[in-house]
Each structure stands twice: as structure tokens, then as C-alpha cells.
Undergrad: 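Could you have a look at this structure, given as C-alpha cells, before my questions?
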Amino acid sequence: MAKFWLLKSEPGCYSISDLKRDKQTFWSGIRNYQARNYMRDAMAVGDGILFYHSNASPSGIAGLATVCKAAHPDRTALDPKDDHYDPKSSEKNPIWMMVDIAYQSTFSNLISLEQLHRYPELSGMVVLQKGSRLSVMPVEEAHFKFIQTLASIKRK
DNA sequence: GCCAACGTTGGC
DNA sequence: GCCAACGTTGGC
């Protein structure tokens, strides 16, 4: 049974349009153990992803993606010239992992954080909890489905 | 740009 | 192993 996730990205850094253009990408640069553990231990090919724009105006869920390759070492941690270089990581002990994701769709209207907060059905979502700073987090199936429905009925 | 919340680091 | 200092995230 597929699982569901939410991945955060600053659109100025990498947006849903970038993913659409690239068709797929590797989710490199995650340097938080809990986020890494989700990717390494729990994410599987075929899992659904809510693509979230953070630090944006407004922030919110921009579209859907899917996991297309399970966790493998994040090589940016091994490159001293890379912004995400981590001297604690090595070929033998890579520490940091990443998954590959594939583009699925862009919502015709972004579902803003403010809007997400309005639905009591979604109040349990990790991303809506105060001070939630995780960049990779699990999503309940019911929440995922609810958001899919919201995206399909929303019109401006 | 501010600042609250959180994670990490390092001295002890 | 405690905890203060520091860095980062991310909404606003």
C-alpha cells in the first residue's frame, strides 16, 4: 500500500514548475535526521507526494509528485564544493540519503496554508502544527485524498 | 527583516 | 549527559 508524504521546497530554489520542466529530480540536500529517516526507511516507489512551496507568497501546496526511486546516497554531501557538503559523510558511510521524485501535476490554484487551516478535516496534518520545520513529513491518506479533491474542485 | 520554534554543537 | 549558545527554518 502506497504511503503519502509532503515535501517542502522554496520555490525560489526549486519550484513545481522546475519539476515539471525536469520531469523528475533527486531530492538532495536534506540535512535533518528525521527527514532523512523518512526517506531512507519509509518512502517507497509509487508513494504520493504533496509538493509544498515554503517561504513563498503565499506558501502552500502547489502540486503532486510521486516517488520514482527509493533512497540512495546523497552525493552532494561528499562534494567539498557543494553548498550541502558535510565532512562527516564519506563514501563508506554516506550518512545522508535522498529519493528521486517524478512530476505529476500542478494545481490550477495553489492551496495556501491559510486555506489549509480552514478545514477541520485537515487539522491533524503535520505541516499545520505550530513550529513544524520538517522538510519531509508523512501525510495521512485521508488528508492526501481530501487535498486532491480540494484541488480538483477549486476554481477562481 | 523580525522572531519564535526547533535542531545541533560543544564545553563542562 | 546537561544545557547554553548558536544556527536554521519558515510564517508573517
Side-chain angles (χ1 to χ4, degrees), chain A residues 3-22 25-43 47-67 71-101 103-140 142-144 146-151 154 156:
Chain A
K3 294 177 294 298
F4 303 92
W5 307 94
L6 182 145
L7 298 192
K8 283 183 190 170
S9 181
E10 303 198 13
C13 180
Y14 195 87
S15 73
I16 190 84
S17 321
D18 295 320
L19 181 61
K20 182 177 188 180
R21 178 198 62 214
D22 296 342
T25 191
F26 30 83
W27 210 245
S28 64
I30 302 298
R31 299 293 178 265
N32 170 284
Y33 286 102
Q34 202 178 344
R36 178 209 60 185
N37 294 347
Y38 283 134
M39 291 197 294
R40 185 190 61 186
D41 306 331
M43 286 176 85
D47 284 359
I49 293 170
L50 301 173
F51 195 102
Y52 181 90
H53 283 175
S54 63
N55 257 321
S57 44
S59 294
I61 298 166
L64 300 177
T66 185
V67 177
H72 53 108
D74 181 347
R75 300 198 58 83
T76 65
L78 301 173
D79 179 359
K81 293 189 294 294
D82 196 280
D83 283 348
H84 298 289
Y85 175 61
D86 182 355
K88 295 195 296 302
S89 186
S90 66
E91 292 278 351
K92 281 197 205 71
N93 181 23
I95 304 183
W96 302 112
M97 308 290 281
M98 61 188 182
V99 296
D100 291 6
I101 70 170
Y103 174 79
Q104 257 185 347
S105 63
T106 304
F107 293 164
S108 49
N109 299 105
L110 177 132
I111 304 176
S112 70
L113 237 204
E114 191 260 330
Q115 212 182 143
L116 294 170
H117 276 296
R118 262 191 246 145
Y119 296 94
E121 294 91 331
L122 299 177
S123 62
M125 284 188 80
V126 184
V127 73
L128 299 182
Q129 307 313 306
K130 194 166 85 166
S132 152
R133 297 190 311 156
L134 262 186
S135 55
V136 175
M137 61 183 89
V139 174
E140 287 171 32
H143 293 155
F144 191 91
F146 189 89
I147 286 162
Q148 268 186 314
T149 308
L150 263 189
K154 198 175 170 240
K156 256 245 163 82

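Residue numbering restarts at 1 for every chain, and letters A, B, ... go by the order of the sequence lines.
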Undergrad: Please list every donor-acceptor pair under 3.5 Å in which a side-chain atom of residues 128-138 of chain A meets a protein atom from a residue at least two apart or in another chain.
TA:
residue  : atom : partner  : partner atom : Å
A:Gln129 : NE2  : A:Ser123 : O            : 3.0
A:Gln129 : NE2  : A:Met125 : O            : 2.7
A:Ser132 : OG   : A:Val126 : O            : 3.4

Undergrad: The criterion is ring-ring contact (aromatic ring centres under 6.0 Å, His included); which residues satisfy it with A:Tyr14, sequence neighbours excluded?
TA: none

Undergrad: Could you list the donor-acceptor pairs under 3.5 angstrom formed by side chains in residues 54-67 of chain A, with sequence neighbours left out?
TA:
residue : atom : partner : partner atom : Å
A:Asn55 : ND2  : A:Glu10 : OE2          : 3.1
A:Ser59 : OG   : A:Asn55 : N            : 3.3
A:Ser59 : OG   : A:Ala56 : N            : 3.2
A:Ser59 : OG   : A:Ala56 : O            : 3.4
A:Thr66 : OG1  : A:Asp47 : O            : 3.0

Undergrad: Tell me every residue that passes side-chain hydrogen bond (donor to acceptor under 3.5 Å, both in side chains) with A:Arg36, counting only those two or more places apart in sequence or in another chain.
TA: none

Undergrad: Only counting residues at least two apart or in another chain, list the ones meeting salt bridge (Lys or Arg N to Asp or Glu O under 4.0 Å) with A:Asp18.
TA: A:Arg21

Undergrad: Could you run through nucleotides 4-11 of chain B and give me one letter per nucleotide, 5' to 3': B if any protein heavy atom sits under 4.0 Å from the base, S if only the sugar-phosphate is that close, - if neither?
TA: -BBSSS--

Undergrad: By side chain to side chain contact (heavy atoms under 4.5 Å, CB included), which residues pair with A:Tyr103, not counting sequence neighbours?
TA: A:Ile16, A:Leu19, A:Lys20, A:Thr106

Undergrad: Collect all protein-nucleotide pairs involving nucleotides 1-3 of chain B in which both atoms are nitrogen or oxygen and the distance is under 3.5 Å.
TA:
none

Undergrad: Could you pull out every donor-acceptor pair under 3.5 Å between side chains of residues 90-99 of chain A and any protein atom, sequence neighbours left out?
TA:
residue : atom : partner : partner atom : Å
A:Ser90 : OG   : A:Asn93 : N            : 3.0
A:Glu91 : OE2  : A:Arg75 : NH2          : 3.1
A:Trp96 : NE1  : A:Asp86 : OD2          : 2.7

